[in-house]
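Here is the structure we will look at, set down as structure tokens.
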Amino acid sequence: MFEIIIQAIWLMIPAYIANPMAVVLGGGRPIDLGKNWIDGHRILGDGKTIRGLIGGTLCGIFAGVIQIIVSKEFEIFTVPTLIVVITLSFGALFGDIVKSFFKRRIGFIRGAQLPLIDQLDFVIGAWVLTYIFEPQWFIQNFNIELIITVLILTPVLHRLTNIIGYRFKLKKEPW
Ligand code: CTP
Ligand code: MG
């Protein structure tokens, strides 16, 4: 039980770093450049910025590279590949962006709450991209127990970090 939670956190670290660091480093020019979709609503909205995307991705990759070095030193940890580190980091923020795109299409304004989806978007994005680029590694390391653990653990961790982020005024809403 304890071991599987540690393993779940270890495997998800690049995504777990990329997602909140986009919030910390975000701001400035929005990815959609302020443009609207054909439905008259913003393509993504002001909550998805270029700085957040690049900053978050780089922080996740940085954390993952440290993981690669550490896991090669101490054999108890699973070794991620550089590709995996990149797909987990970028995939996390890509999933968040795809989520915002659909949020805008159903008329939810920036910052409106979508329970569970807001908390798991980045996990799904990270997994999908990793599965596409490193299917072998993904299947070997993310067994069904780990997938379930991550799906339960993430909303809990997400809620905790967002409450902290809200307190420190990094986020507008505590979710
Ligand atoms: N953020 C960013 N760039 C990203 C992701 C997040 O700048 N690629 C920053 C924004 O300041 C954003 C905040 O992190 O407002 C919180 O992220 P999130 O909850 O994902 O965005 P929301 O503002 O809630 O927008 P949406 O309704 O589209 O989810
Ligand atoms: Mg939000």
Side-chain angles (χ1 to χ4, degrees), residues 8-9 11-67 80 82-134 147 150-175:
I9 294 173
L11 290 178
M12 292 304 288
I13 279 178
Y16 282 170
I17 296 287
N19 200 50
M21 285 313 282
V23 183
V24 173
L25 301 172
R29 195 186 282 259
I31 296 166
D32 67 8
L33 304 172
K35 291 192 169 66
N36 287 346
W37 188 248
I38 38 169
D39 58 10
H41 294 285
R42 285 287 295 274
I43 302 173
L44 301 173
D46 287 331
K48 303 296 112 136
T49 68
I50 296 170
R51 223 165 64 201
L53 174 63
I54 295 173
T57 302
L58 290 180
C59 286
I61 294 172
F62 180 73
V65 168
I66 293 174
Q67 282 185 288
L82 189 58
I83 301 275
V84 165
V85 162
I86 294 167
T87 55
L88 286 175
S89 305
F90 179 75
L93 297 176
F94 182 70
D96 177 53
I97 288 167
V98 170
K99 186 263 329 255
S100 288
F101 176 79
F102 287 106
K103 245 170 134 179
R104 301 296 94 81
R105 303 291 70 74
I106 58 172
F108 278 58
I109 57 157
R110 174 256 179 110
Q113 199 182 6
L114 255 182
L116 230 53
I117 298 174
D118 274 329
Q119 291 153 16
L120 294 173
D121 53 3
F122 79 99
V123 170
I124 306 301
W127 283 345
V128 168
L129 284 210
T130 304
Y131 183 75
I132 292 171
F133 289 96
E134 284 278 40
I147 287 180
V150 171
L151 290 178
I152 295 169
L153 190 68
T154 303
V156 177
L157 293 175
H158 195 272
R159 186 92 192 107
L160 283 176
T161 51
N162 279 357
I163 291 169
I164 295 165
Y166 178 68
R167 288 278 151 79
F168 285 94
K169 302 203 180 340
L170 290 169
K171 285 206 62 168
K172 286 197 170 66
E173 306 85 14
W175 55 77

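Residues: numbered from 1 along the sequence shown. As the structure lists them, so they are numbered: ligands from 1, and atoms in each ligand from 1.
The distance criterion of under 3.5 Å between nitrogen or oxygen atoms is met by G47 with respect to ligand 1. Looking at ligand 1, you won't find any N or O of I31 less than 3.5 Å from one of its N or O atoms. By the 3.5 Å distance cut-off applied to N or O atoms, R104 is counted among the residues near ligand 1.
Every atom of ligand 1 with a heavy atom of L53 under 4.0 Å away is listed here by number and element: 8 (N). Which parts of ligand 1 touch G27 is read off a 4.0 Å heavy-atom cut-off, strictly below it: atoms 7 (O). Of all the atoms in ligand 1, the ones that sit under 4.0 Å from a non-hydrogen atom of S100 are 26 (P), 28 (O), 29 (O). The ligand atoms of ligand 1 that sit less than 4.0 angstrom from a heavy atom of T49 are 2 (C), 3 (N), 4 (C), 7 (O), 8 (N). Of all atoms in ligand 1, listed by their number and element, those nearer than 4.0 Å to a heavy atom of K103 are 26 (P), 27 (O), 29 (O). Atoms of ligand 1 lying under 4.0 Å from at least one heavy atom of A22, given by number and element, are 1 (N), 2 (C), 5 (C), 7 (O), 9 (C).
Using a 4.0 Å cut-off between heavy atoms, D96 contacts ligand 1 through its side chain alone, with no backbone atom that close. The proximity of K99 to ligand 1, defined as any non-hydrogen pair under 4.0 Å, is limited to the side chain.
Using modelled atom types, one side-chain atom of R105 and one backbone atom of I43 make a donor-acceptor pair closer than 3.5 Å. Not a single donor-acceptor pair under 3.5 Å links the side chain of T154 to the backbone N or O of L120. Remark: side-chain polar atoms of R51 are paired, donor with acceptor, to backbone N or O of G26 under 3.5 angstrom. Checking side-chain atoms of D118 against main-chain N and O of Q113 turns up no donor-acceptor pair under 3.5 Å.
Annotation for I147: atom CD1 counts as buried by contact number, over 12 foreign heavy atoms lying within 6.0 Å. Heavy atoms from other residues, nucleotides or ligands lying under 6.0 Å from CZ of F101 number more than 12.
Not a single heavy atom of G45 lies less than 4.0 angstrom from ligand 1. Ligand 1 is never approached by L93 to a heavy-atom distance shorter than 4.0 Å.
Counting only heavy atoms from C-beta outward, the side chains of P80 and L88 never approach each other to under 4.5 Å. A 4.5 Å side-chain heavy-atom check between V84 and F133 finds every atom pair outside the cut-off.
Between the side chains of T87 and Y131, no donor N or O sits under 3.5 Å from an acceptor N or O.
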For this session: Check step by step if salt bridge (charged side-chain N to carboxylate O under 4.0 Å, His left out) holds for K35 and D32.
Result: CA-CA 6 Å; K35 291 192 169 66; D32 67 8; over 6 Å; no
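The heavy atom nearest to atom 11 (O) of ligand 1, considering only K48, R110, M21, is found in R110. Of all the listed residues (V23, D121, D46), V23 holds the heavy atom that lies closest to atom 17 (O) of ligand 1.
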